[in-house]
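Presented below is the structure to which this report refers.
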Amino acid sequence: SFPLCSESFSVCFMIAHRLMVSGRWLVIAGFSILLAIGMLGPNAPTCFGRGDRPTPIGPGWSQNTVGGERCSWDNAAKAHVICVLGCECPVARFYASRLQKLAEAYDTKGIRFVALMGLIQDDMAKIEEFLKDTEISFPVIRDQEQMHLSHLKATRTPEVFVLDQSGNLVYRGRVDDQMAPGVKRNQASTQELTNALEAVLANRPVATPITDAAGCLIAFHKKGVGGT
């Protein structure tokens, strides 16, 4: 019933072996092509070390600050607070000093603060002036291509994002409720960012993981939020 293998067992074995080897290499080649397509595709994550393009902020992330120092993900930290700021936004200027005080208060508790400056109109001269005026001393990253802003899906300045030790987003939104669209209270009645940090330090889920940020809308490059 199998005339190809009827004459010699050795011939049959040789043919089968060659087919197996050829099939294995076809599988490997196909996998390599799919891997390359995935790495080079438009939605593929950016790998640190490929030129100067950074990874999204999280474990393994490393990037130069506007001052030229290297800022890297701190694996020993309990959380990282990513603060999206804008030079010309009065609300961002109002909260900058408050974020600086929080950064100082939580530094010894293992919380790291990083500022993102990625608005289209914010050039280096404006950023340097902003930092001088606000006296921010924690690391400041220029997100000129708005990769981080797109990855976080940031919408306003200021807006804060709390990432846990694994880089998971556990809180996003406002610092507190002192300022809201069209409203400026004499003082804040709720402290959402502080509450989120205290929950992380106590290994508790954040009670209110999402709030609406109050501030200036972010204008993205033509590709839009998320690179679409």
Side-chain angles (χ1 to χ4, degrees), residues 57 66 77-123 126-143 146 148-164 168-220 225-226:
I57 297 175
V66 295
K78 299 293 182 64
H80 288 72
V81 182
I82 313 304
C83 311
V84 177
L85 301 174
C87 297
E88 298 177 354
C89 179
V91 185
R93 285 182 171 270
F94 175 82
Y95 276 103
S97 59
R98 192 163 299 184
L99 290 169
Q100 175 61 35
K101 291 178 181 178
L102 286 171
E104 294 171 357
Y106 280 94
D107 183 66
T108 57
K109 299 179 181 180
I111 306 293
R112 304 289 174 257
F113 279 63
V114 177
L116 280 182
M117 309 293 290
L119 301 193
I120 295 173
Q121 65 270 26
D122 289 351
D123 56 25
K126 290 181 179 179
I127 293 174
E128 290 172 358
E129 181 181 359
F130 176 84
L131 298 180
K132 181 179 179 181
D133 293 343
T134 58
E135 298 183 344
I136 287 178
S137 63
F138 54 87
V140 178
I141 302 298
R142 188 182 183 194
D143 188 20
Q146 298 183 320
H148 294 307
L149 297 185
S150 296
H151 179 73
L152 293 168
K153 293 181 170 56
T155 58
R156 293 180 180 270
T157 63
E159 189 169 8
V160 293
F161 300 80
V162 179
L163 308 179
D164 66 12
N168 299 312
L169 181 64
V170 296
Y171 174 76
R172 64 170 295 162
R174 63 194 182 198
V175 177
D176 55 43
D177 72 342
Q178 184 170 356
M179 297 193 73
V183 177
K184 182 178 180 182
R185 300 177 176 86
N186 291 329
Q187 60 182 10
S189 62
T190 59
Q191 303 286 342
E192 285 84 358
L193 176 56
T194 298
N195 293 341
L197 297 180
E198 290 298 325
V200 170
L201 292 173
N203 294 318
R204 299 193 314 265
V206 177
T208 307
I210 301 175
T211 59
D212 293 328
C216 307
L217 285 170
I218 297 174
F220 282 83
V225 179

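Worth saying up front: this structure is predicted, and the values here are computed from it rather than measured.
Side-chain atoms of Arg185 never come within 3.5 Å of backbone atoms of Met179 as a donor-acceptor pair (strictly under, hydrogens ignored). Remark: the backbone N or O of Cys87 is paired with a side-chain donor or acceptor of Arg93 at under 3.5 angstrom. Of the possible donor and acceptor atoms, none in the side chain of Asp122 sits under 3.5 Å from a partner among the backbone N and O of Gly118. At distances below 3.5 Å, not a single donor-acceptor pair connects side-chain atoms of Lys126 with backbone N or O atoms of Glu88. Asp143 places a side-chain N or O within 3.5 Å of a backbone atom of Leu149 that can act as its donor or acceptor partner. Under a 3.5 Å cut-off, the side chain of Asp177 and the backbone N or O of Ser189 do form a donor-acceptor pair. Using a distance-only test at 3.5 Å, with no hydrogens or angles considered, no donor-acceptor pair links the side chain of Glu128 to the main chain of Val66. Within the 3.5 Å criterion, the main-chain N or O of Leu152 finds a donor-acceptor partner in the side chain of Arg172. Side chain of Thr211 to main chain of Arg174: a donor-acceptor pair is present (N/O by atom type, distance under 3.5 Å, no hydrogens or angles).
Residues Val175 and Leu102 have side chains in contact (heavy-atom distance under 4.5 Å, counting atoms from C-beta outward). Side-chain contact between Leu99 and Leu193 is present, with at least one heavy-atom pair separated by less than 4.5 Å. Side-chain contact between Val160 and Pro158: absent, with no pair of heavy atoms (C-beta onward) separated by less than 4.5 Å.
Between the side chains of Gln100 and Ser137, at least one donor N or O sits under 3.5 Å from an acceptor N or O. With 3.5 Å as the limit, one finds no donor-acceptor pair spanning the side chains of Thr194 and Tyr106.
Heavy atoms from other residues, nucleotides or ligands lying under 6.0 Å from CD of Glu135 number 12 at most.
Here the shortest heavy-atom pairing between Leu169 and Tyr171 reads CD1-O, 3.3 Å.
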